[in-house]
Amino acid sequence: MATKINSVLKLIPSTSRPLSSFAPLLAQEASTSAAPIPSTSTLSSNGSTSTTSPFPSSSPAPSPFDPIVHLPLLHFSNSSKPDPSLVELPSALFNVPSRPSLLHKLVVAHLASLRVGQAASKNRSQVNYSGKKLRPQKGTGGPRLGSRGSPMLRGGGHAFALTPKGPDGWKRKVNRKEEQLGLCVGLSDKWRSGNLAVVDRLGLGEISTRVLRQKLGSLGWTDALFILANKESKAEIEANEAESFVLSSGNLPDVAVVENAEALGIWEIVKSKKVVMELDAVDEVIARLDPENKRVLDFEFLNEGEELSEEDLAALEAELESLRDLEDNQYLQEQVSLEPEVETSPKDTRV
């Protein structure tokens, strides 16, 4: 029954069970990862705003997490009552241990990059004075003076003047893998606190800030970051509704919208209380977090539960042993090539 999207995202539709039947699954997941589950106000398909949670309020100590984590699929603009579904997300990206020091480093680097760097003052060569010597060096009985722009004189140039650093002067270096890991940590913290959500589609039929404010207020998303899917992957009607959503959110101070997952940054995630992703944007976010697909596990191989036979294990061990021998030989050859040659002087043949 599972529908797979790009071998990473899966939907588990349930046509015969209500959403409350997913409570044991989510409660078990919460007990293994110590992640609070959102209340029924965000899970109800009938639009109710009850804040009672059907899941246990306390969970035991976290244990090694499963390869996937679950989020209920919410509906933003559908007036009908579709069947409840769960969205599977890779734990390697959305259940990463918290690292506040890394988040602090990334936030400081981002805020430093926003500095323009225009602070400047004039030195003695930049002040608008003549460079002529004010008086002779000797014979006046006064101290020695040079030009009018001397730093010793009032109105002269600064001895160590500030120079503008420019837009790149305050930037701090952030490694690419650090940035990707920081995004994973930020989204994982949102998931563990119950502030990460996935909706089917974000859009408005008209451009109206008032309508959007009322809609977000009823859902409790007044302080939220919305991640939209790429416009190229949407139909014309959906693209127009998404554009209306973006324009309507422009005057809401606590609402941020990211129209492309490639522009997603850690600052937007940290400063927003809630992070809401479109269903079609989940794969784009995963590609942003792990572009080389090194962190995401191969769910198909794990779910099939295939085990290697004894012959395959023997062949694998033999291959590994041959690789080790090859590396040892290469290392020995390199050591021999690095040894200095001993110069031998010719023997003295004189009698």
Side-chain angles (χ1 to χ4, degrees), residues 3-13 42 45 47 71-90 93-94 180 183 186-187 190-191 195-269 271-291 293 296:
T3 304
K4 190 187 308 177
I5 302 178
N6 290 350
S7 72
V8 174
L9 175 67
K10 299 180 182 179
L11 294 181
I12 309 178
T42 59
S45 58
L71 276 178
L73 179 63
L74 310 180
H75 303 278
F76 180 78
S77 57
N78 288 345
S79 58
S80 60
K81 298 180 181 180
D83 298 329
S85 303
L86 287 179
V87 180
E88 294 185 355
L89 302 175
L93 303 179
F94 291 91
Q180 296 172 1
L183 294 175
L187 292 176
K190 295 297 182 183
W191 179 78
N195 290 322
L196 182 63
V198 178
V199 298
D200 55 349
R201 184 166 56 89
L202 292 172
L204 281 181
E206 57 178 350
I207 302 175
S208 176
T209 304
R210 177 181 57 83
V211 174
L212 181 59
R213 184 189 295 111
Q214 294 176 354
K215 182 72 173 178
L216 297 181
S218 63
L219 295 173
W221 295 349
T222 54
D223 184 4
L225 168 66
F226 295 93
I227 305 175
L228 275 65
N230 195 355
K231 293 182 180 179
E232 298 178 357
S233 61
K234 296 183 178 180
E236 183 177 358
I237 298 178
E238 296 180 357
N240 294 335
E241 292 181 355
E243 185 68 20
S244 300
F245 181 90
V246 174
L247 296 176
S248 300
S249 64
N251 291 331
L252 299 178
D254 295 332
V255 174
V257 178
V258 176
E259 300 184 56
N260 189 0
E262 292 296 329
L264 181 62
I266 188 61
W267 173 245
E268 290 81 4
I269 297 176
K271 74 175 184 178
S272 300
K273 181 179 179 181
K274 192 88 174 182
V275 176
V276 182
M277 299 184 296
E278 271 190 324
L279 181 60
D280 295 337
V282 173
D283 287 331
E284 300 176 8
V285 172
I286 291 176
R288 172 75 172 91
L289 302 180
D290 189 21
N293 202 26
V296 179

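In this chain, residues are counted from 1 in sequence order.
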Shortest non-hydrogen contact between [X] and [Y], atoms and distance:
X      : Y      : result
Val285 : Leu187 : CG1-CD1, 4.0 Å
Lys190 : Lys273 : NZ-O, 3.5 Å
Ile286 : Pro90  : CD1-CD, 3.9 Å
Thr222 : Val255 : O-CG2, 3.6 Å
Ile266 : Gly186 : CD1-CA, 4.2 Å
Val258 : Leu264 : CG1-N, 4.1 Å

Please report the interatomic distance [atom1]([X]) to [atom2]([Y]), rounded to the nearest 0.5 Å.
X      : Y      : atom1 : atom2 : value
Leu225 : Asn195 : CG    : CG    : 12.0 Å
Gln214 : Leu219 : CD    : CG    : 12.0 Å
Leu196 : Leu89  : CG    : CG    : 7.0 Å
Lys274 : Ile269 : NZ    : CD1   : 14.5 Å
Leu202 : Ser244 : CG    : OG    : 12.5 Å

Please check if the side chain of [X] supplies one atom and the backbone of [Y] the other of a donor-acceptor pair under 3.5 Å.
X      : Y      : answer
Arg213 : Leu252 : no
Ser248 : Ser208 : yes
Ser272 : Val275 : no

Margin query: If we check salt bridge (Lys or Arg N to Asp or Glu O under 4.0 Å) with Lys231, which of these qualifies: Glu243, Glu284, Glu278?
Written below: Glu243
Next item on the list: Let me see the working for Glu88 and Leu71 under side-chain contact (heavy atoms from CB on, under 4.5 Å), right down to the final yes or no.
Entry: CA-CA 7 Å; Glu88 294 185 355; Leu71 276 178; over 6 Å; no
Kindly indicate whether the side chain of [X], heavy atoms from C-beta on, has any atom under 4.5 Å from the side chain of [Y].
X      : Y      : value
Leu289 : Gln180 : no
Leu86  : Leu73  : no
Asp254 : Trp221 : no
Asp200 : Leu74  : no
Val87  : Pro72  : no

Next item on the list: Evaluate the criterion side-chain contact (heavy atoms from CB on, under 4.5 Å) for residue pair Leu279 and Val199; output intermediate values, then yes/no.
Entry: CA-CA 6 Å; Leu279 181 60; Val199 298; over 6 Å; no
Check: Less than 4.0 Å between a side-chain N and a carboxylate O, is that true for Arg201 and Glu241?
Finding: yes
Margin query: Please determine whether side-chain contact (heavy atoms from CB on, under 4.5 Å) holds for the pair Ile227 and Val276, giving the CA-CA distance in whole Å, both sets of side-chain angles, and the decisive distance to 0.1 Å.
Written below: CA-CA 6 Å; Ile227 305 175; Val276 182; over 6 Å; no
Notebook entry, point to check: Hey, what's the ring geometry for Phe76 with Phe245, parallel, tilted or perpendicular (30° and 60° as the breaks)?
Noted result: perpendicular
